[in-house]
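Proteins come first, then strands; the chains are lettered A, B, ... in the order of their sequence lines, and each starts at number 1.
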Amino acid sequence: MLDLNTYKVETKPDWCPGCGDFGVLNGVTKALAMLEIQPKNVLVVSGIGCSSNLPGFIKAYGFHSIHGRAVAVASGAKLANPELNVVVTGGDGDGYGIGMGHFVHAMRRNLDITYVVMNNQIYGLTTGQASPTSEKGHVTKSTPTGVIETPVNPIALALVTGATYVARGFSGDPNHMAEIIANGIKHKGFALVDVFSPCVTFNKKNTYEWFRERVYKLEEADHNTMNFEAAMRKAHEWGPKIPIGLFYKTERPTYEDEEPALKMGPLHKQPFPKAEDLKPILQTFF
Amino acid sequence: MLDLNTYKVETKPDWCPGCGDFGVLNGVTKALAMLEIQPKNVLVVSGIGCSSNLPGFIKAYGFHSIHGRAVAVASGAKLANPELNVVVTGGDGDGYGIGMGHFVHAMRRNLDITYVVMNNQIYGLTTGQASPTSEKGHVTKSTPTGVIETPVNPIALALVTGATYVARGFSGDPNHMAEIIANGIKHKGFALVDVFSPCVTFNKKNTYEWFRERVYKLEEADHNTMNFEAAMRKAHEWGPKIPIGLFYKTERPTYEDEEPALKMGPLHKQPFPKAEDLKPILQTFF
Amino acid sequence: MKDGEVTLRFGGAAGDGIASMGETFAKVCSRSGLHVSEYNSYQSAIRGGHVWLQIRAGEKKMLSQGEYADILVPLNAQTMELHAPEVASGGVVIYNSEKLKIRDGLLKQGVRGLPVPATSTASKYGKNPIMQNVVALGGVIRLLNMNLDKLSGVLQDTFGNKAKAIVDANIGAATAGYDYVDKNFGSLNAKLNFTETSRPVMSGNQATGFGALAAGLKFYAAYPMTPASSILHWLVAYAPKFGTVVKQAEDELAVINMAIGAAHVGARSMVGTSGGGFALMTEAVGQASMSETPVVIVESQRAGPSTGLPTKTEQGDLWQAIGASQGDYPKVIIAPSNVRDCYYAAGEALNIAEKYQIPVIILVDLYLSEHIETIEADDINLSVPIERGVLAGPSNGNSYARYAVTETGVSPRAFPGEAGHEYVATTDEHDEKGIIVSDVLAGIPEHIETRRRQMEKRMSKMNYILKDIPPPRIWGPEDADITLVGWGSTMQVIKEAVLNLGEKGVKANQLHIKYLMPFHAKEVEETLKKSKRVLDVEANYTGQLAKLIRAETGFNIEHRLLKYDGEPFAPRQIVEKALEVTQHA
Amino acid sequence: MKDGEVTLRFGGAAGDGIASMGETFAKVCSRSGLHVSEYNSYQSAIRGGHVWLQIRAGEKKMLSQGEYADILVPLNAQTMELHAPEVASGGVVIYNSEKLKIRDGLLKQGVRGLPVPATSTASKYGKNPIMQNVVALGGVIRLLNMNLDKLSGVLQDTFGNKAKAIVDANIGAATAGYDYVDKNFGSLNAKLNFTETSRPVMSGNQATGFGALAAGLKFYAAYPMTPASSILHWLVAYAPKFGTVVKQAEDELAVINMAIGAAHVGARSMVGTSGGGFALMTEAVGQASMSETPVVIVESQRAGPSTGLPTKTEQGDLWQAIGASQGDYPKVIIAPSNVRDCYYAAGEALNIAEKYQIPVIILVDLYLSEHIETIEADDINLSVPIERGVLAGPSNGNSYARYAVTETGVSPRAFPGEAGHEYVATTDEHDEKGIIVSDVLAGIPEHIETRRRQMEKRMSKMNYILKDIPPPRIWGPEDADITLVGWGSTMQVIKEAVLNLGEKGVKANQLHIKYLMPFHAKEVEETLKKSKRVLDVEANYTGQLAKLIRAETGFNIEHRLLKYDGEPFAPRQIVEKALEVTQHA
Ligand SMILES: Cc1ncc(C[n+]2csc(CCOP(=O)(O)OP(=O)(O)O)c2C)c(N)n1
Ligand SMILES: Cc1ncc(C[n+]2csc(CCOP(=O)(O)OP(=O)(O)O)c2C)c(N)n1
Ligand code: SF4
Ligand code: SF4
Ligand SMILES: [Mg+2]
Ligand SMILES: [Mg+2]
């Protein structure tokens, strides 16, 4: 395990005191340290949101992209340099709202990316509107009479869409989360790690206490992580008991493995075509 | 049942001879006739694609929108006039590719819309590239070495996202399809009807024959349409036997029912605010 | 301290309650008969960082929030360090002496520090640290010889629907602050006359929301984005009971397309966003125009490019609005220039959109959207005109041509649900009935003509719209030495500069352009050609309006004052530039 | 029939194989030493409708596909009706007499009908109705005194990797057609000299793909959209074996963001789309510029607005490209003007993108993307220059400033994987190291400066780019009576018009503008001011280039020939307008 200081930067996280995202930053950092991955070999990609500021708080390469596009940017990066450890970090609005299309399509590609979603069930940075995971009835700035949508179930969505590692963490338990993230990074294929990361400022409903009363670990619940149906049942548990931990894991060739152009490694290290190699192509035009 | 000619227009469909979309046009028309819905009370919304030309071939109100946005346009229309029967028709690329985000979010809203997807597992109008439902290994113009993604499973996606009526039809059986669509329209809530609608020009793999050898009807298979797990199992049947028919149906309040502003009916028929009613608002600024 | 006005600055960290301090004080001023202009300078972080708010109040219309404060209320040390040295001579720094110190040499000559033991004073009324703000507000009221009851009244109205204990605590803290200052410092010698004429205090976004509601808005969709979000917040609180659907959608693509769907079935529809969200909407803006669906888009600009500075102001999106979506198609761009303008622009935009069946863009910016000012009570006419344009009416049995070619380019609209008008709105090129020509007719001579006619039909709307909207007019002396040109939110600050220049003996006038598309090329060209010197004042890097003026008229504005640091203009900056330009002539 | 050239037209329905007939014939011409220009007029429907293709072949460079055909090959009755009356005097209509008739009075004086029993002839060689086309091609070869072996050779190359039986059947049918015409009609008196110099036959999109590949393209992403799709089709077939990833993504948002991700880690990246897809990409174009990530976007315009006429051409997206995304930021717009230009523009765009770390837009259109022409073999230099711009190189241990302020605005780039350069690319405003200032620093005096410096750093790139790219130059006589101004795909047809005008004794020249952003304002203004009369020729409604020229130079182009019907220009239309303008002078 590397020293956690390996990933330290000067910039202090400017989240609200108590924000769940501090826990996630710790979790990600610890996971990298556990796996002994050097900062230079990590690319942390995010969108826009409180949570999406995370790349600025960790020593690594990063791309703090635009709102909703982190997964697409990360997919391109991974496809261009499969040697990088690509970790996407962002919010529920960023990933499950505006980013929904990329999220679903990335999972069915099974790129070897780890996606950590700081799911606070609210739009934090824009000061407290409903998010796609806000619970029904939740009163927010944009829903003064309560949310009327059924919330997105990211775990179930990941299960049916092809993610090969589907897990959930909780900021209140950063060690457990670090473990889960580390396993996600180690896993060859798309890993979704949805994290309950309370927004202490705008979500007064789904608080640390709220979760603490409810969460239990799948690891301690005799859950078979290779069983799709069991995972799906667990994905729908939302009430007095809410599971965290690994829901499902399976093996499938990654997209990078199946992409012919990547047989030779990172694209920017590959030679440019030589004139003589291009000649046969020119011939096809005659 | 109304006369099918009620929905007849001068414009002849210009799909390729044999295209599956003819069957869908018949199915939709017949469903409307069965339900005795007048053309004036129907709004057919589509995006762009061969399939999305459908609204031009049926007498009804229509909006032939831009690529990927049909569900959003339809959602707005339904929210502004809940008295209309809103039917969305379009392609797999339009709905499950570029339109994925709207698709998922519309389902969790449970608007009372019927969405008929002419799923030909290919991009027809753009002359034969892979679509999000193209099978793994499918050789297309854009995938000369075969598709490497896992296809989208629209049925499973609809199940986990909140559609309250989830069904599948086949252009080779337009009567069965008409029945399913009619029930979808009758159903209060979001109805997904995914239809195998072969592209005879660009998809030489998933042909009528291919489907005819495989499809069987859930109605004849002792399937419990109220059981989520059973529906999910059926959603994953893809091989020598592929189910069509109704996978799942449940009841949940529709979005329109829960939207306070719609209590008074279609928006364009509601009076404009009177000055005296606005005065108390002006007072809040003092 | 200038006679008849006073400028205050509150500063602290995000989460310190600066914005509500400002709003409370603004209302107290308004209820005391003063005019107010207020600007809140904040950052993206939700807690911490540095926030400061400036509020200028006076007997006349306040055209900007001013520049240097007479009274500074620092809530933390950073504010003390950054802002105390800027307090104008004769001014004061009133601060919590239990938390802050004024280090030696920090204040300008003639500026006094007024220590108040705000922590212990406030603690009597509750644990919430924001109570200190109320203590300070009470003190400020005393310093300005204002009526404490007015403050109590505002606090009562603000917290009225919370527990009585909260109201009492607030009023108690305010009174304690008032009394402390009364006992220890007395009043400043601010020359302010108070009256009983109170005025509405509004932000641009509130005015836009309110104006739209009054103008019959029936559908509003948005995805949160600073600085447009507060339109959503305001509308969702007030509009649904008027039968207006207000929806947050999953992204801006959904927002605009939902609004188009709603408009198609007859609801007056509007959306709101900022530059990044508008970028995502552009494809559908073209769709609205092609399908001839009326929709209003409020684009509130913030400092770009890209995510940029989300909480800072800029006028950098004019060219994005002009260039939105592929191809040539009719659309309108309106840039309201103050809060009152926002109220009417919303209705005007909805009317133009429906009359011409096109997209209309209202281009505002963070400054205009979020800053607060008093307007005259009778500036707000609650019965705004509502024009829905030409409707098809009941079917006469003949087949309906949704895109009938007419001279004005406008064809009668029908709504789904009406018998006999069944048609399909299309984004493919189509004939008069809406039948698409792209599929099997394009390129055939007869339909090459169909295409041409539909293009001309659509584009001809622009000529008629130009006649409908008033051309810009010079404000100020005709024979000025310098003409200041601008657009949008800078109108008032430029006006203030024009007045200041006048006081300095420099004759200046102002040409402010509100309608950017279509453009009154003739009138603008004539005016500018008559001007002795022209100075373009814009909050962007490239001089986007100047470029548009040149594109439309050929006139090149030689002098430019371009600001692209995210901060609003201070009148002084404009005056100085104008002086430089006129002296070098 | 003009000496030294011939124009053919094939027409039928979609699915009749018109495009491959054209390509086959073009290759035969090329192998016979002729130059070719070909344009395929089609519609959206996949089967049916009306498709026609025109191909002009001759001894000199063919600057357009011409206007009236000398030889018409109608494959259905609709084509006969629509096109036979347009065949030029002296020409022929060669048709399947078992399927079609020429009704009385249909043909112009001096046009002959040549009936061929193509159905029965073809049926000997297979059931595929497309064999009739091959029969017709064989006949055309005979009519033009061309060598049948050349046709056989092309068929051999085309079907070579299918079964030998297919090749033989095709050659058999061609020979039969040849023989039938030989026996019954002989040759036309076309004056055509053949040589053994063959040239590559290419479409603009093929050239763009090939040029990009040669210039080291490593990542291409696209979402299918006419008329850009064929870049994807071409690249996916040829590029992966060179270690280039070619990916179809789920939408255009993913496309551009994936490309930006790939570019960020060091791959030379490009995307392709049309106007509607570009609209969706605009937000990310701003992102590329703000994060200083090089990316090339090919935007192939089609007739808009909105979905418009997807298979028709237009130059309607210039303003969309100019206005793309919010705020002011550096970007480049290049409009190649012919197929050869496309080949080099791809590499040039990749170089500029990487040298200046910005987005570069290549603006082409359906006509240029899809039409086919011969270019000189040595026009294609397979060793194009590759410039990757300033790289940081190995870390020297000091902390790395990704956005270091430099005079040119360009800061050395580092790629993830390199030790010691760890940094975060950001779309929020940032300091030299990439630390965002929006969160807790914005508005603080020091960081108001940071913001200003970063804006200036980024924008200063534009000045240096302008020096890197060549200014436009007049083509034709300096002292012309009229200067024809255009951009993009119309270059050759305008050139042909200039030549035709010369033949008619009207001195004309041409100013064609390739670099639209940044803009050579000085040079363009000087040139236009010297011109006696200026005619703007554009395929759009509003005269988008003319407006840009006015915005940049103030020069107002008085005369305009604007075409917005989706059809390409014929040289005659330009000549006529120029004559009108010069006669009225
Ligand atoms: C295109 C676009 N639309 C909207 C925004 C405004 N915006 C910034 S962050 C955000 C949502 C934040 O919510 P989430 O992703 O859940 O992150 P959190 O702040 O809760 O961590 C929004 C809507 C934007 N930056 N870009
Ligand atoms: C923004 C945008 N991108 C791309 C296109 C081009 N386009 C038109 S239809 C289509 C896909 C068609 O596939 P599908 O939706 O499956 O319909 P089908 O033709 O197969 O019925 C595409 C990519 C477009 N019109 N707009
Ligand atoms: S607003 Fe919420 S999500 Fe954002 S930093 Fe504060 S606590 Fe965290
Ligand atoms: S291309 Fe395919 S989907 Fe399109 S009309 Fe033809 S058969 Fe139908
Ligand atoms: Mg969130
Ligand atoms: Mg399809």
Side-chain angles (χ1 to χ4, degrees), chain A residues 9-11 14 38-45 48 53 55-56 59-66 68-81 83-84 101-102 104-105 259-279 281-282 284-286, chain D residues 27 30-31 198-202 206 210 213-216 218-219 221 238-247 249-251 253-254 257-267 269 283-284 287 291 380 382-383 386 415-428 435-436 439-440:
Chain A
V9 289
E10 276 167 41
T11 316
D14 45 29
Q38 291 296 336
K40 76 180 176 77
N41 294 325
V42 182
L43 180 68
V44 189
V45 182
I48 297 294
N53 286 348
K59 185 168 171 191
Y61 281 95
F63 202 122
H64 187 176
S65 170
I66 48 179
R69 311 301 159 207
V71 170
V73 170
S75 299
K78 184 73 187 181
L79 272 173
N81 186 349
E83 289 177 359
L84 292 172
H102 307 310
V104 168
H105 289 290
E259 167 54 50
L262 285 176
K263 295 274 173 288
M264 296 169 271
L267 301 182
H268 72 292
K269 293 193 178 160
Q270 289 172 42
F272 294 123
K274 293 206 203 71
E276 70 233 45
D277 300 330
L278 294 168
K279 245 195 196 128
I281 298 182
L282 183 56
T284 66
F285 292 107
F286 281 88
Chain D
K27 285 202 169 178
S30 163
R31 292 185 190 186
S198 82
R199 298 178 180 80
V201 184
M202 235 181 247
Q206 288 171 332
F210 195 14
L213 180 63
K218 286 291 165 212
F219 190 90
Y238 290 99
K241 51 182 153 302
F242 290 92
T244 301
V245 169
V246 181
K247 271 302 142 211
E250 62 270 25
D251 61 16
L253 298 162
N257 283 288
M258 283 171 74
I260 288 170
H264 176 68
V265 304
S269 297
E283 191 199 6
Q287 158 169 258
S291 62
I380 301 288
L382 294 175
S383 305
I386 295 180
F415 300 135
E418 295 169 4
H421 289 149
E422 294 84 355
Y423 80 98
V424 182
T426 62
T427 63
D428 279 79
I435 294 165
I436 61 174
D439 243 32
V440 292

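- Under the 4.5 Å side-chain criterion, counting only non-hydrogen atoms from C-beta, A/L43 is in contact with D/H264.
- The part of D/K241 that comes within reach of chain A is its backbone (N, CA, C, O), which places non-hydrogen atoms under 4.5 angstrom from that chain.
- Both the backbone and the side chain of D/L253 come within less than 4.5 Å of a heavy atom of chain A.
- Contact of D/K27 with chain A is made through the side chain alone, with heavy-atom distances under 4.5 Å.
- Proximity to chain A (any heavy atom under 4.5 Å) is shown, for D/A254, by both the backbone and the side chain.
- Heavy atoms of D/A263 lying under 4.5 Å from chain A are absent altogether.
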Side chain to side chain contact (heavy atoms under 4.5 Å, CB included), that's the test. Do A/Q270 and D/F242 meet it? Break it down for me.
CA-CA 9 Å; A/Q270 289 172 42; D/F242 290 92; over 6 Å; no
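- Side chain of D/Q287 to main chain of A/I66: a donor-acceptor pair is present (N/O by atom type, distance under 3.5 Å, no hydrogens or angles).
- Heavy-atom distances place both the backbone and the side chain of D/A284 under 4.5 Å from chain A.
- Atom CD of A/E10 and atom CD1 of D/I435 lie 6.5 Å apart (nearest 0.5 Å).
- A distance of 15.0 Å separates NZ of A/K40 from CZ of D/F415, quoted to the nearest 0.5 Å.
- D/L382 contributes atom CG, which lies 7.0 Å from atom NZ of A/K279 (distance to the nearest 0.5 angstrom).
- In this structure D/E418 satisfies the salt bridge (charged side-chain N to carboxylate O under 4.0 Å, His left out) test with no other residue, sequence neighbours excluded.
- For chain D, the nearby parts of A/N81 are the backbone and the side chain; heavy atoms of each come within less than 4.5 Å.
- With a threshold of 4.5 angstrom between heavy atoms, A/D277 approaches chain D through its backbone and through its side chain.
- For A/A74, no part lies near chain D; criterion is any non-hydrogen pair under 4.5 Å.
- In this structure D/E283 satisfies the salt bridge (charged side-chain N to carboxylate O under 4.0 Å, His left out) test with no other residue, sequence neighbours excluded.
- Residues A/F285 and D/I380 are not in side-chain contact: their nearest non-hydrogen atoms beyond the backbone lie 4.5 Å or more apart.
- Taken from CD1 in D/I436 to CG in A/D14, the straight-line distance is 6.5 Å, to the nearest 0.5 Å.
- Of the two parts of A/L84, only the side chain, counted from C-beta on, holds a non-hydrogen atom closer than 4.5 Å to a non-hydrogen atom of chain D.
- Contact of D/F210 with chain A is made through the side chain alone, with heavy-atom distances under 4.5 Å.
- Atom CE of D/M202 and atom OG1 of A/T284 lie 7.5 Å apart (nearest 0.5 Å).
- Within the 4.5 angstrom heavy-atom criterion, no atom of D/S30 approaches chain A.
- With rounding to the nearest 0.5 Å, the separation of CD in D/E250 from NE2 in A/H102 is 6.0 Å.
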